[in-house]
*Asks:* 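Sharing a structure, written as structure tokens. Questions coming.
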Amino acid sequence: MNRLTLYCRKFKRNLCDYGFPVAVKKSLFHLLRLFYENRVYRIYTIRLMEWKSQTETDDRFEFRFIGPEDRQIIGQIEAMEEWLTGRVSEKLTRGGLCLVALSGDSVAGFNLVAFKEVHIPLVSLTKRLSETDAWSEQITVNRAYRRSGLGTKLRQRVFQELQRRGIKRLSGGSLVYNMSNLQLTRKVGFREIADIHYTNWIGAKKYKCVRIREARCGDETGDHSS
């Protein structure tokens with residue numbers, strides 16, 4: 001799928017989620033990225049060996065881990081997050097983990113997790129992971145199911161599965177202004193550990209890492225992406 005098609009899909013989703021003014025603002029921002037980018041990306045982590053299982057039941061959803069053969073579900077995931085278009089099946093084939101919450105045949109939310117290596121497109125950075133580490137690439141809750149606690153339930157079930165696999169630490173990140181994501185991470189036990197300051201002026205990339213000394217706490221609201 002070419003870049004123009006992805007931009008059009010993203011504009012339609014933003015239009016549905018946020019309305020016309022915000023959709024236009026986001027589109028202009030993405031066009032500006034072709035020349036200049038300036039972002040602060042927050043890294044957070046949780047030690048899974050210290051996390052105590054507290055998974056809640058929820059009869060509204062069917063929770064399941066999917067594989068590359070689940071094409072219909074993968075299509076819905078890629079429609080929810082354009083940057084994943086054409087990539088989910090490959091990630092799962094390489095050993096990635098994806099938990100989905102289904103409402104009937106519809107994807108209400110999902111959490112995609114990577115092992116061994118992860119590419120973080122928001123800051124154009126590739127990171128190698130140890131055998132006992134994992135990275136949360138994306139967690140998203142469908143707009144119709146936000147503020148229902150689904151993000152927390154997805155996180156808890158992923159924690160439980162990673163514990164079972166012997167993974168000791170799960171990390172992830174988001175832009176610092178994505179407060180819904182950060183509030184969810186704080187609620188389920190992640191610690192915020194560093195900010196990556198990233199700039200890119202016509203291909204000249206610069207990085208600066210600033211440590212965060214203290215964890216913060218908060219409540220869960222809204223849609224979550226990481």
Side-chain angles (χ1 to χ4, degrees), residues 1-18 22-23 25-27 29-31 33 37 39 41-42 44 61 63-68 70-94 96-103 105-115 117-127 134-148 150-155 157-158 170-185 220-226:
M1 185 175 296
N2 62 43
R3 181 173 293 182
L4 178 60
T5 302
L6 288 176
Y7 280 156
C8 290
R9 282 182 53 181
K10 193 171 187 68
F11 178 81
K12 289 179 181 178
R13 182 169 65 84
N14 287 330
L15 183 64
C16 179
D17 284 357
Y18 306 111
V22 174
K25 183 178 179 180
K26 285 178 173 286
S27 295
F29 172 76
H30 282 286
L31 289 174
R33 286 175 54 191
E37 297 176 273
R39 298 196 183 99
Y41 187 78
R42 180 152 296 172
Y44 44 77
F61 307 106
F63 293 90
R64 55 176 287 209
F65 293 96
I66 65 169
D70 293 299
R71 296 180 182 177
Q72 191 269 342
I73 292 175
I74 289 172
Q76 292 188 55
I77 289 172
E78 294 180 351
M80 293 169 71
E81 293 294 344
E82 291 81 7
W83 78 273
L84 287 172
T85 300
R87 298 176 180 177
V88 175
S89 181
E90 179 186 356
K91 290 176 182 292
L92 295 176
T93 300
R94 294 203 313 260
L97 179 76
C98 187
L99 174 67
V100 298
L102 296 172
S103 176
D105 294 327
S106 300
V107 176
F110 71 93
N111 192 180
L112 180 66
V113 177
F115 304 95
E117 183 177 281
V118 62
H119 180 69
I120 309 170
L122 286 173
V123 288
S124 190
L125 187 66
T126 298
K127 179 179 175 61
W135 187 275
S136 179
E137 289 199 86
Q138 184 73 43
I139 179 168
T140 298
V141 174
N142 187 296
R143 187 168 182 261
Y145 301 97
R146 294 173 193 169
R147 301 183 183 274
S148 67
L150 180 55
T152 296
K153 295 178 178 67
L154 285 166
R155 285 292 198 196
R157 283 166 171 78
V158 165
L170 175 66
S171 302
S174 72
L175 297 175
V176 291
Y177 62 74
N178 189 343
M179 293 309 300
S180 59
N181 185 309
L182 293 176
Q183 287 168 351
L184 172 61
T185 62
E220 173 189 10
T221 59
D223 165 52
H224 317 289
S225 303
S226 67

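What you are looking at is a predicted structure, and each value in this text was computed from that prediction instead of being measured.
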*Asks:* Name all residues meeting the ring pair (Phe, Tyr, Trp, His ring centres under 6.0 Å) criterion together with F63; count only those two or more places apart in sequence or in a different chain, and write none if there are none.
*Replies:*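 Scan of F63 (ring pair (Phe, Tyr, Trp, His ring centres under 6.0 Å), adjacent residues dropped) gives none.
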*Asks:* Give the minimum heavy-atom separation between L99 and L154, together with the two atoms involved.
*Replies:*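 Heavy atoms only, the tightest pair is CD2-O, 3.6 Å.
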*Asks:* By side-chain hydrogen bond (donor to acceptor under 3.5 Å, both in side chains), which residues pair with T93, not counting sequence neighbours?
*Replies:*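 Once residues adjacent in sequence are excluded, T93 has no partner under the side-chain hydrogen bond (donor to acceptor under 3.5 Å, both in side chains) criterion.
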*Asks:* Measure the shortest side-chain to side-chain distance between V100 and D70 over non-hydrogen atoms and say whether it is less than 4.5 angstrom.
*Replies:*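 They are not in contact (no side-chain heavy atoms under 4.5 Å apart), so the answer is no.
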*Asks:* Given side chains that start at C-beta, do those of F61 and K153 come closer than 4.5 Å, heavy atoms only?
*Replies:*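 No, side chains not in contact.
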*Asks:* Quick one: salt bridge (Lys or Arg N to Asp or Glu O under 4.0 Å) partners of R71, sequence neighbours excluded?
*Replies:*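 With neighbours one apart ignored, the set is empty.
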*Asks:* If you take all heavy atoms of E82 and A79, which pair is closest and at what distance?
*Replies:*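 So the two residues come closest at OE2-O, 4.0 Å.
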*Asks:* Considering non-hydrogen atoms only, spot the tightest contact between A101 and L150 and give its length.
*Replies:*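 Closest approach of A101 to L150: CB-CD1, 3.7 Å.
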*Asks:* Measure across V107 and Q76 and return the closest heavy-atom pair with its distance rounded to 0.1 Å.
*Replies:*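 Looking at all heavy atoms of both residues, the closest pair is N-OE1, 2.8 Å.
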*Asks:* Which heavy-atom pair separates I74 from P68 by the least distance, and what is that distance?
*Replies:*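 Shortest heavy-atom contact: CD1-O, 3.8 Å.
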*Asks:* Between N178 and S180, is any side-chain donor less than 3.5 angstrom from a side-chain acceptor?
*Replies:*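 Side chains of N178 and S180: pair found under 3.5 Å.
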*Asks:* How close do N111 and R155 get, heavy atom to heavy atom, and via which atoms?
*Replies:*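 So the minimum-distance heavy-atom pair works out to OD1-NH1, 3.5 Å.
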